[in-house]
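Residue numbering restarts at 1 for every chain, and letters A, B, ... go by the order of the sequence lines.
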Protein chains: 2
Amino acid sequence: MSAPPPLLDRLRTRGWRLTAQRRVVAEAMTGDNVHMTADEVLERARRLLPEISRATVYNTLNELVELGEVAEIPGPDRVRRYDPNAVVPHQHLACEVCGGLWDVHAEGVEALHPDPAALGDFEVASTVVTFRGVCAACRGR
Amino acid sequence: MSAPPPLLDRLRTRGWRLTAQRRVVAEAMTGDNVHMTADEVLERARRLLPEISRATVYNTLNELVELGEVAEIPGPDRVRRYDPNAVVPHQHLACEVCGGLWDVHAEGVEALHPDPAALGDFEVASTVVTFRGVCAACRGR
DNA sequence: TTAGTTGCAAAGGCTTTGCACGCGC
DNA sequence: GCGCGTGCAAAGCCTTTGCAACTAA
């Protein structure tokens, strides 16, 4: 059925100061199965607002991450990717060759718990599951 | 009791060309101090062989990863960490504040499988599970 | 011998920062 | 008007690379 409220609506509600740049970044992040690098976000944002700067895209992405609206995904390469779908729990397929990322669902994630003995005073906030391997495109090469 | 399965022996068997530098990197990776950054490996290696260069440490670590003897762990920060324990499956606790990593074991990892419908032609090689949160030391601040 | 390894320094790629100007509220 | 947001360029950090000298097998 209906998805959670659009990113921009959620942000407005939270009193986020709205500028053309921020709107455009949020718009660039909208959509399904989107896992863009900061550079890809910049590229998309520039189609809507050509004067936007790289620094602003980085600033805005970092804020969205801090607000918990967007998730930062560490992948096999060192490039950060951003997942607008932070609200809906899901897992990822990560290609070790091209660094690409795709959403996937897996069962049993909630059942995973670290051994309490080894946990000590570590406070777990989230469980990240990633299936690493090689994507179809990279296998063809 | 029995000596740990020496990384160096495995490598020799595989026809790895053995140099002082490589031996020292392998030694630096041995032990319980298990999730070092390249810089930390360099520091330890230098205690044993002061002339070793940073580039050689990077080269050697990358080789060990390619050989499957060491695992590269992507964390919340962009710094790569190296896990000599690649042979024994285990999971990690990752501190989002300081970037620290600790081994932990969790049950049910083998039972995780991505939804085949979304998998397509992606070939899964391994399943990575990380519990993200805040470590005891960082919570104290 | 000789192919593979090392060290140095420089380059590379991604991200952050300092500061002056501009704009939403 | 005030204070936060933006843009630019430069710096920062981690990692890789080019190349000449060296060395294990």
Sugar-phosphate, base or nothing in reach of A/N62, heavy atoms under 4.0 Å: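 Sugar-phosphate contact only.
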Return yes if some donor-acceptor pair links the side-chain N/O of [X] with the main-chain N/O of [Y] below 3.5 Å, else return no.
{"X": "A/R132", "Y": "A/E96", "answer": "no"}
{"X": "B/R14", "Y": "B/L67", "answer": "yes"}
{"X": "A/R139", "Y": "B/F122", "answer": "no"}
{"X": "B/R10", "Y": "B/E69", "answer": "no"}
{"X": "A/R46", "Y": "A/I52", "answer": "yes"}
{"X": "A/R81", "Y": "A/G99", "answer": "yes"}

Joint hydrophobic cluster, B/V128 plus A/V129, side-chain heavy atoms closer than 4.5 Å: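 Per the 4.5 Å side-chain linkage, B/V128 and A/V129 are not co-clustered.
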Interface with DNA chain C, restricted to residues 11-25 of chain A and to heavy atoms under 4.0 Å: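 Correct list: A/R17, A/L18.
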Distance, rounded to the nearest Å, where [X] contributes [atom1] and [N] contributes [atom2]:
{"X": "A/L64", "N": "D/dG5", "atom1": "CG", "atom2": "C1'", "answer": "14 Å"}
{"X": "A/R80", "N": "C/dG13", "atom1": "CZ", "atom2": "C1'", "answer": "13 Å"}
{"X": "A/N59", "N": "C/dT17", "atom1": "CG", "atom2": "P", "answer": "9 Å"}
{"X": "A/E51", "N": "D/dT6", "atom1": "CD", "atom2": "P", "answer": "13 Å"}
{"X": "B/R46", "N": "C/dT6", "atom1": "CZ", "atom2": "C1'", "answer": "13 Å"}
{"X": "B/E63", "N": "C/dT5", "atom1": "CD", "atom2": "C1'", "answer": "9 Å"}
{"X": "A/L42", "N": "D/dC8", "atom1": "CG", "atom2": "P", "answer": "11 Å"}
{"X": "B/E40", "N": "D/dT15", "atom1": "CD", "atom2": "C1'", "answer": "16 Å"}

Ion pair A/E43/A/R47, N-O distance below 4.0 Å: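 Looking at A/E43 and A/R47, the cut-off is met.
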Plane angle bin for B/H35 and B/H90 - parallel if under 30°, tilted between 30 and 60°, otherwise perpendicular: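 Tilted: the ring planes of B/H90 and B/H35 meet at 30° to 60°.
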Terminal helix-axis angle for the helix from C/dT1-D/dA25 to C/dC25-D/dG1, with five pairs defining each axis and rounding to 10 degrees: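 About 40° separates the two local helix axes.
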Which of the following nucleotides, [options], is nearest to the side chain of [X]?
{"X": "B/T56", "options": "C/dG7, D/dT15, C/dT15", "result": "C/dG7"}
{"X": "B/R78", "options": "D/dC14, D/dG7, C/dT15", "result": "C/dT15"}
{"X": "A/T60", "options": "D/dT6, D/dT17, C/dT15", "result": "D/dT6"}

Distance test, side-chain N/O of A/Y58 to OP1/OP2 of C/dT16, below 4.0 Å: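 Looking at the OP1 and OP2 atoms of C/dT16, neither is under 4.0 Å from any side-chain N or O of A/Y58.
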Closest-nucleotide 5' rank along DNA chain D - winner of B/A38 and A/A55: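 The answer here is A/A55.
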